[in-house]
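All remarks here apply to the structure that follows.
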Amino acid sequence: MTATTAPSSNGKVFDKSVGVAVLGMGTVGTEVLRLIAENPNAYANRIGGRIELKGVAVSDLSKPRPGVDPALLTDDAEALINRDDVDIVVEVIGGIEYPRKLILQALQAGKSVVTANKALVAAHASELGEAADKAGVDLYFEAAVAAAIPVVGMLRRSLAGDQIQRISGIVNGTTNFILDAMATTGATYEDALAEATRLGYAEADPTADVEGHDAASKAAILASLGFHTRVTFDDVHCEGITNITAEDIAAASEAGYTIKLLAICEKLVDENGNKSVNARVHPTLVPNEHPLATVDKSYNAIFVEAEAAGRLMFYGNGAGGAPTASAVLGDVIGAARNKVHGGRAPGENPYANHPIADFGEVTTRYHIDMNVVDRLGVLSLIADHFAKAGISLRTVRQEEAEDETVARLIVVTHEALEKDLRAIVTELEGTEDVLEVRSVIRLDV
Ligand code: NDP
Ligand code: HSE
């Protein structure tokens, strides 16, 4: 922190300034720099000191960077974060190993860090949190989950006095954009993904979005904060949207459902009162009248169920440069305030240390779509398999298939254990009556 006497627009003179280094100037970094450039006085008043941009690290110095003083640009991020006049490091590069190294260096050097990097936080929250604690500085990552929706701060601060039971919702803008476009405009998966990438929603490698990894990282962060338990990316059961076909979407629509990729974090309590936590990401059938069904484009929505607060819902922009930059700047201002006035943001606190429940122990309902041999008695034979497995059926629908020897059977179950469901699907696939299990989609809202 350095002394300064520059006045703000309301004439107030601030005698301190906070040096900020921004690492990365892509979709998010560009918008972070725009907000810093456009709001110096408002931020100075909110902080009680001015933000001074000390440098911007990029990978390719030859790219045009309109609006940024070329003297601020560097391709040496390490040298930038180690400068004495840098107090806060903003990491918006992406990836894991390189930003991990940079952030650890920054924290060890006493700089507070703001990152939008969910993959990194989900994999290394404890290491980064410990480094921040040791140095007595802040580690903020609001933008890492659901971009503009302030869910991290809400879990860390606003709901700190409550007991959270479940956090669920849409936390990936790219996959929501794709599923919505396929359902409402008939766009192909490929075209919708290309458009989400063009709009800056997708990760540098969009596999992370469509395979559910990005949502799984966010689920790990939400579960860790909500349940005060260390949940990492590897603890999250993860299925993406790559197997969802236009046919699945049409069948869901006919039955009154919309397919959404949901992240679900749940506290489970067994018959002896023992608690465990589960976090999972998978496509889910959402009834059309449920609020999540109407979340379109790249919007995100998150439900939090807490003992005292009850049910809360958060909705907003879940991806894109400006919405993410809004969350980043909120963190920068928090970290800068602490630099000026002292104090620290609440950090990770995994004191509850609940065990991670296996996905097989989770109960939910299932929509199973299969092709069966169209002959007398097949329906009751299949119902019998479910009954023997202790899985009760809620609805059964039979439809004609193109081949008249085949019938399409769509079964919706009552709540059942995931492990029992998997066992019955394997059993059905092994019978002569079931020609193909076309899809199994959970109903989990
Ligand atoms: P981009 O790929 O658009 O930008 C990455 C930036 O990092 C580029 O400016 C690139 O430089 C720079 N960079 C790459 N390698 C280095 C390096 N070795 N040294 C210095 N700079 C480097 O990514 P996004 O802006 O989309 O995402 C950044 C982070 O924010 C990711 O962690 C992402 O998960 C997260 N995030 C993104 C959201 C979004 O909607 N896009 C939303 C929420 C979080 P150059 O410009 O020279 O190529
Ligand atoms: N790729 C991410 C998404 C960016 O689509 O949600 C926001 O975290």
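Indexing begins at 1, ligand by ligand and atom by atom, following the structure's order. Since we're looking at a predicted model, the values are computed, not measured.
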Ligand 2-proximal atoms of Asp209, by part, heavy-atom distance under 4.0 Å: side chain

Heavy-atom nearest option to atom 34 (O) of ligand 1, drawn from Lys218, Glu91, Glu203: Glu203

Hey, can you tell me if Tyr299 and Tyr315 have their rings parallel, tilted or perpendicular (30° and 60° cut-offs)? parallel

What part of Ala143, side chain, backbone, both or neither, has a heavy atom within less than 4.0 angstrom of ligand 1? backbone

Side chains of Asn117 and Arg100: do they bring a donor and an acceptor to under 3.5 Å? no

Backbone or side-chain N or O of Lys63 under 3.5 Å from ligand 1 N or O: yes

Please report which non-hydrogen protein atom sits nearest to atom 12 (C) of ligand 1, along with the residue it belongs to and the distance in Å to one decimal place. Gly24 CA, 3.9 Å

Please work out whether any backbone atom (N, CA, C, O) or any side-chain heavy atom from C-beta onward of Asn300 is under 4.0 Å from ligand 2, and answer side chain, backbone, both or neither. neither

For Leu23 and ligand 1, answer yes if some heavy atom of the residue is under 4.0 Å from a ligand atom, otherwise no. no

Paired with Asp444, the side chain to side chain contact (heavy atoms under 4.5 Å, CB included) test is passed by just one of Lys260, Arg280, Glu415, namely Arg280

Under 4.0 Å from one or more heavy atoms of Gly320, ligand 1 contributes atoms 39 (C), 40 (O)

Hey, what's the ring geometry for Tyr257 with His367, parallel, tilted or perpendicular (30° and 60° as the breaks)? perpendicular

When you check the gap from the basic side-chain N to the acidic O, do Arg397 and Glu399 get nearer than 4.0 Å? yes

Validate the cation-pi geometry between Arg311 and Phe303: distance from NZ or CZ to the six-membered ring centre under 6.0 Å, angle to the ring axis within 45°. yes

I'd like to check whether Ala319 has a polar contact with ligand 2, where a contact means an N/O of the residue lying under 3.5 Å from an N/O of the ligand. no

Location of contacts on Asp60 toward ligand 1, heavy atoms closer than 4.0 Å: both

Atom 18 (N) of ligand 1 [closest protein heavy-atom partner, distance rounded to 0.1 Å]: Tyr98 CE2, 3.1 Å

Could you work out, for atom 30 (O) of ligand 1, the closest of Ala204, Ala116, Gly318 by heavy-atom distance? Ala116

Heavy-atom closest contact (Leu35 atom, Ser326 atom, distance): CD1-N, 4.0 Å

Which residue and atom name correspond to the protein heavy atom nearest atom 9 (O) of ligand 1, and how close is it? Met25 N, 2.8 Å

Proximity winner for atom 22 (C) of ligand 1, if only heavy atoms of Ala119, Ala147, Ser59 are counted: Ser59

closest protein heavy atom to atom 8 (O) of ligand 2 is Lys118 NZ, 2.5 Å

Picking from Leu261, Thr175, Ile259, what satisfies side chain to side chain contact (heavy atoms under 4.5 Å, CB included) with Ile244? Ile259

Hey, does Leu292 have a side-chain heavy atom less than 4.5 Å from the side chain of Leu262? yes

Please indicate whether any nitrogen or oxygen in Val28 is less than 3.5 Å from any nitrogen or oxygen in ligand 1. yes

What protein heavy atom is closest to atom 43 (C) of ligand 1, reported as residue, atom name and distance in Å? Thr324 CG2, 3.3 Å

Classify the contact between Arg65 and ligand 1 as side chain, backbone, both or neither, using a heavy-atom distance cut-off of under 4.0 Å. side chain

Side chain to side chain, Ile88 and Asp138, heavy atoms closer than 4.5 Å: no

Ion pair Asp369/Arg408, N-O distance below 4.0 Å: yes

Got Met25 and Leu33 here, is their nearest side-chain heavy-atom distance under 4.5 Å? yes

Proximal ligand 1 atoms for Ala57, defined as those under 4.0 Å from one of its heavy atoms: 20 (C), 21 (N)

Near Ala319 (heavy-atom distance under 4.0 Å), the atoms of ligand 1 are 40 (O)

One finds that the ligand 1 atoms under 4.0 Å from a non-hydrogen atom of Gly200 are 39 (C), 40 (O), 41 (N)

